[in-house]
Asks: 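Below you'll find the structure I mean.
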Protein chains: 2
Amino acid sequence: MDAKATRSNSRNDALLDAAAELFAAQGFKATSMRDIAKAVGMLPGSIYYHFASKDDLLLAIYEAGVDQITATFAAAIAPLDDPWLRLEAGMAALIRAITDASSTTSVIFKVEPSDVPKYEAELIAFRDKFEALFRTLVDELPLHAWVDPHLLRLMLLGAANHAQLWYSPKGRFAADEIGQHFARLVQAPIGR
Amino acid sequence: MDAKATRSNSRNDALLDAAAELFAAQGFKATSMRDIAKAVGMLPGSIYYHFASKDDLLLAIYEAGVDQITATFAAAIAPLDDPWLRLEAGMAALIRAITDASSTTSVIFKVEPSDVPKYEAELIAFRDKFEALFRTLVDELPLHAWVDPHLLRLMLLGAANHAQLWYSPKGRFAADEIGQHFARLVQAPIGR
DNA sequence: CTATTAAACAAACACTTGTTTGTTTAGTCA
DNA sequence: TGACTAAACAAACAAGTGTTTGTTTAATAG
C-alpha cells in the first residue's frame, strides 16, 4: 500500500461520496460547493485542489456510477435464462440502485445531463452505456406484435426513475419487490 | 367588459403564461425573475406589482394547472363506463397534459413541491387533488389478488411523468397514443 | 381640470453562487 | 538538514439571485 496515494485517494473518495450523496438528495444545482466542503470538513476552495470544477466532480461521479450499475445489473441477470425472469431481476437491481441514497448510482437518475451543459454529451454517453444494457433485456422478450418495445422500455424506465421520488425504506415494499412487481405488471394479465 | 380589469388581467395572465412556460421548460430554480420579465417585456421589479414573490407566482400557476388538468381528466373519462377504457382515456389525457409545454398543467409535473419550501404543503395539496382522481380510476379496475393497486398507480404515474423528459411532438407516437399504449401494457398480456 | 391610482421604470439592496489567489502547514525524500 | 510537494486555509472575486425602494408615466374617475 502506498501511504501517499492511500491518503490522497481516501480524501478524494470522501469528496466523491459526499458530493454524490448530496447530489442525489438535493440535485446538482441545489448543492453548493460549500455544502460539499462542509460535509467532508474542509473549506470550499480546497476542493479545487482535487477537482478542477463542480462539473468535473459530477463527471467523475457519473462515470463511477455507471460502472457500478452496469456491473450490478449485469451480475443480477447473468445467472438467469428466462427473459421474463431476467427482466424481473434487472428491474429489481435497477430500483435498488436508484433508491440507494448513499450510492453514486442514484446520481445518474437524479441529475439530468442538461443540468451540466459543459459535459452534457459525456453524461448522455454514460447513461447510454447502461440503457443499452437495459434495451437488450427488453428486446429479448417474446412480445405480441401490437406491443412496441420502445414504449415498453420507456415505461419501465420511467416507473423506475419515479421511484426515487416516493420510495421510502420504511415503506411496505423493499426496493427489490417493487422492481419485481413492476416487471410482473407488464408481464402477466393483471385484470379478472 | 371592464377595460381596466381586462388590461390588468391580460398582463397578469401574460405573466402566468410566460412563467409557466419557462418553469415547465427549465424548472423553477433555473428560471429567474429576469427571464420571466424579459419574456413579457417588463423589468424584473415590475413583476412585484402583480405578484408578491416568485413563490407566489408558482403557487398561482399550480392552482390554475390543477384546476385545468382535473377538468380535462374528468371530462376525458366521464363518457366511458368500462374501467379499462377509462384508464386508457385517463392516461391519454394525462400524457397530453404533461407533454404540452405551452400549458400550465405541465408545471405541476415538472416542479417538485420541495423546490418551494414556503408553499410545499400547499403544492402537495394541489397535487393530491388530481392524484385522488387518478387513484379512483385505478381503484375501480378489477384486479387479480396478487396485484397491488398502490404500486400499479405509482407505475403508471411514473411512466407518465417520465414522458416529459423524452417526448417529442415529432416522435413516432402522439401523446394520446403513448398514454393509451401504457394503459394497455398493464392491461393485456404482452408476451407470447 | 384635477385627484387618484394602476403600472411600470431605474437603481440599488443583501445574499449566494462557483471560482481564484496568495499563503501556510505538514509530510516526504535525497 | 534542506528542498520539494501535497493539502489545506483564509479571503476575496465577479456574476447572478430574489427583492425593495423611490420615482415616473399614463390612464381613469369625480
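Chain letters run A, B, ... following the sequence lines, proteins first, then strands; residues in each count from 1.
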Asks: Mind checking salt bridge (Lys or Arg N to Asp or Glu O under 4.0 Å) for Glu122(A) and listing every partner two or more places apart, or none if nothing turns up?
Replies: none

Asks: Heavy-atom nearest nucleotide on DNA chain D for Tyr48(B) versus Gly45(A): which residue maps closer to 5'?
Replies: Gly45(A)

Asks: dA7(D), OP1 or OP2 - any side-chain N/O from Ser46(A) closer than 4.0 Å?
Replies: no

Asks: Which residue lies toward the 5' end of DNA chain D, Leu43(A) or Ser53(B), if each is placed at its nearest nucleotide?
Replies: Leu43(A)

Asks: Indicate whether OP1 or OP2 belonging to dA8(D) is found under 4.0 Å from a side-chain N or O atom of Tyr49(A).
Replies: no

Asks: With under 30° as parallel and over 60° as perpendicular, where do the rings of Trp146(B) and His181(A) fit, or are they tilted in between?
Replies: tilted

Asks: Would you mind reading off the distance between Met42(A) atom CE and dA7(D) atom P, rounded to a whole angstrom?
Replies: 9 Å

Asks: Using atom CZ of Phe51(B) as one end and atom P of dT19(D) as the other, report the distance to the nearest whole Å.
Replies: 13 Å

Asks: Given atom CD1 of Ile47(B) and atom P of dT17(D), what is their separation to the nearest angstrom?
Replies: 12 Å

Asks: Round to a whole Å and report the spacing from NZ of Lys118(A) to P of dG18(C).
Replies: 14 Å

Asks: Using atom CG of Leu58(A) as one end and atom P of dT19(C) as the other, report the distance to the nearest whole Å.
Replies: 12 Å

Asks: Of all the heavy-atom pairs spanning Ala24(B) and Ala101(B), show the shortest one and how long it is.
Replies: CB-O, 4.2 Å

Asks: Within this structure, what is the CG-to-P distance between Asp55(A) and dT17(C), rounded to whole angstrom?
Replies: 16 Å

Asks: Under a 4.0 Å heavy-atom cut-off, which of residues 27-39 of chain B touch DNA chain D?
Replies: Thr31(B), Ser32(B), Met33(B), Arg34(B)

Asks: Where do His162(B) and Leu154(A) come nearest, in terms of heavy atoms and distance?
Replies: ND1-O, 3.9 Å

Asks: Looking at Arg172(A) and Asp148(B), does any basic side-chain N land under 4.0 Å from a carboxylate oxygen?
Replies: yes

Asks: Let me confirm one number: the CZ-CG distance from Arg135(A) to Leu137(A), rounded to the nearest 0.5 Å.
Replies: 12.0 Å

Asks: Is Arg127(B) salt-bridged to Glu112(B), cutoff N-O under 4.0 Å?
Replies: yes

Asks: Is His50(B) close enough to dA6(C) that one of its side-chain N or O atoms is under 4.0 Å from OP1 or OP2 there?
Replies: no

